[in-house]
Amino acid sequence: MSIRLQSLLFLLLAGAMCLPACQTNPVTGRSSLNMVPDSTLNSLGAQGYQEVLSKEPLSRDARKTEIVRRVAQRIAAVSPVQMDWEISLIESNQANAFVLPGGKIVVYTGILPICETEAGLAFVLGHEVGHAVAKHGGERMTQSLLIQGGLTAASLSLGDSQNAPMIMGALGLGAQYGVALPFSRSHESEADEMGILFMAEAGYDPRVAPDLWVRMGQASGGQAPPEFTSTHPANERRTRDLQGHMDQAMKIYDASAKKYGVGVKL
């Protein structure tokens, strides 16, 4: 079979599956293909969450834990998709945070100095909740299902040693488990847009958001690869894009019932 014919058949198959499996982001309106049922995504998210908690120590800092829970709850409250939210603060120098499908939130203490304030953390959590709301993990798993052919949504399990790395990477756990599968540029940009809108609706000053990527770049020591070699947008690009969303975010912030400004320092 010629490559051209294979490509045509692939497009026809993807188009046929898109009818029942197309999803629309409730915030940005972007359409995407996701063949992984919510029940499967949520189950994998719960499994991944327990995997992390079994290997990583919870923080014993009561103040930081309370701040993280407070900010996470406020962001979760404005999410257009309600989930079974759980929140954990992990003691680690790792500058990271993620939200797994189903609403399992993990924050590492190493990212708190970069966030600087509650508002900075609110943007980070808004960004990660954006990944979960947009079901970026399911979208990436769908791409793997189409590529691997014999793999089906029903067979997705972290107990499958052969496919576990792909699943962990798709869930956003790649950095923790050595799986080089970061979210794509488009997913990161979409999550940034959702993050600044979520933080504004939750009552946090969105003008804090662009500076976070400046500090993230400083924290990396300038070692980030050029944008054209990376799946993540460059920090400078992300800062500019967030400024482009600022007018909309400020309108939402001005209309929010409760305003916390930048909140307390972390």
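Just so we're clear, the structure is a prediction, and the values are computed from it rather than from any experiment. Side-chain atoms are counted along with the backbone in the values below, which use heavy atoms only and exclude waters and symmetry mates. All residue numbers refer to positions in the sequence shown, counting from 1.
- Between Met216 atom CE and Arg238 atom CZ the span is 8.0 Å, to the nearest 0.5 Å.
- With contacts defined as side-chain heavy-atom distances shorter than 4.5 Å, the pair Ser32/Asn25 does not qualify.
- Placement of Val129 and Leu100 in two distinct hydrophobic clusters is found when ILVMFWY residues are connected by side-chain heavy-atom separations under 4.5 Å, directly or transitively.
- The shortest side-chain heavy-atom distance between Glu188 and His131 falls under the 4.5 Å cut-off.
- Here the straight-line distance linking atom OG1 of Thr109 with atom CG of Leu266 works out to 11.5 Å at 0.5 Å rounding.
- Side-chain contact, Gln47 with Ser43: a donor N or O sits under 3.5 Å from an acceptor N or O.
- Nearest approach of Tyr260 to Ala202, heavy atoms of both residues: CE1-O, 3.2 Å.
- One hydrophobic cluster, built from ILVMFWY side chains closer than 4.5 Å, holds both Val264 and Leu89.
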**Q.** Candidate pair Arg185 and Arg237, rule side chain to side chain contact (heavy atoms under 4.5 Å, CB included), full reasoning
**A.** CA-CA 11 Å; Arg185 293 187 196 182; Arg237 167 75 65 85; 5.9 Å; no

Q | Step-by-step side chain to side chain contact (heavy atoms under 4.5 Å, CB included) determination, Ile87 to Gln73 | A | CA-CA 9 Å; Ile87 307 154; Gln73 287 167 353; 3.9 Å; yes

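- A continuous path of ILVMFWY side-chain contacts below 4.5 Å connects Tyr253 to Val27, so both sit in one hydrophobic cluster.
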Q) Can you check side chain to side chain contact (heavy atoms under 4.5 Å, CB included) on Ile111 and Asn96, steps first, answer last? A) CA-CA 6 Å; Ile111 202 171; Asn96 197 18; 5.6 Å; no

Q. How far apart are the C-alpha atoms of Met246 and Ile196, what are their side-chain angles, what is the distance that settles it, and do they pass the side chain to side chain contact (heavy atoms under 4.5 Å, CB included) test?
A. CA-CA 8 Å; Met246 192 59 66; Ile196 196 171; 3.8 Å; yes

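- Taking 4.5 Å as the limit, every side-chain heavy atom of Val124 sits out of range of all side-chain heavy atoms of Val107.
- For the pair Lys135 and Asp38, the minimum side-chain heavy-atom distance is below 4.5 Å.
- Cluster membership check: Val78 does not share its hydrophobic cluster with Val208, using side-chain heavy-atom separations under 4.5 Å among Ile, Leu, Val, Met, Phe, Trp and Tyr.
- Atom NZ of Lys251 has 12 or fewer neighbouring heavy atoms from other residues, nucleotides or ligands inside a 6.0 Å radius.
- With 3.5 Å as the limit, one finds no donor-acceptor pair spanning the side chains of Thr117 and Tyr204.
- Counting only heavy atoms from C-beta outward, the side chains of Leu197 and Gln248 approach each other to under 4.5 Å.
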For residues 63-70, tabulate all N or O donor-acceptor pairs below 3.5 Å that involve a side-chain atom, not counting sequence neighbours.
residue : atom : partner : partner atom : Å
Arg63   : NH2  : Lys265  : O            : 2.7
Thr65   : OG1  : Asp61   : O            : 2.8
Arg70   : NH2  : Glu118  : OE2          : 2.9

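- Met141 places a side-chain heavy atom less than 4.5 Å from the side chain of Leu41.
- With 3.5 Å as the limit, one finds no donor-acceptor pair spanning the side chains of Glu201 and Ser256.
- To the nearest 0.5 Å, atom CD of residue Glu193 and atom CG of residue Leu242 are 9.5 Å apart.
- A distance of 4.0 Å separates CZ of Phe123 from CG of Asp192, quoted to the nearest 0.5 Å.
- Looking at residues two or more places apart in sequence or on another chain, you find no side-chain hydrogen bond (donor to acceptor under 3.5 Å, both in side chains) involving Trp213.
- Between Lys55 and Glu51 there is a salt bridge, since at least one side-chain N of the basic residue sits less than 4.0 Å from a carboxylate O of the acidic one.
- Met250 is listed as a side-chain neighbour of Arg207, based on a closest heavy-atom distance under 4.5 Å.
- Put simply, OG on Ser59 and CD1 on Ile90 are 9.0 Å apart, with the number rounded to the nearest 0.5 Å.
- Of the possible polar contacts, one joining the Gln82 side chain to the Ala76 backbone as a donor-acceptor pair under 3.5 Å is found.
- The main-chain N or O of Cys115 is found under 3.5 Å from a side-chain atom of Arg215 such that the two form a donor-acceptor pair.
- With sequence neighbours excluded, the residues forming a side-chain hydrogen bond (donor to acceptor under 3.5 Å, both in side chains) with Glu86 are Lys104, listed by chain and number.
- At least one side-chain heavy atom of Arg140 sits less than 4.5 Å from a side-chain heavy atom of His187.
- The neighbour count for Asp254 CG, taken as heavy atoms of other residues, nucleotides or ligands under 6.0 Å away, is above 12.
- Ion pair Glu139/Arg30 flagged as a salt bridge, since at least one NZ, NE, NH1 or NH2 atom sits closer than 4.0 Å to an Asp/Glu carboxylate oxygen.
- Met199 and Val81 end up in the same hydrophobic cluster when Ile, Leu, Val, Met, Phe, Trp and Tyr side chains are linked at under 4.5 Å.
- Note that CZ of Phe98 and OH of Tyr108 are 4.5 Å apart. Values are rounded to the nearest 0.5 Å.
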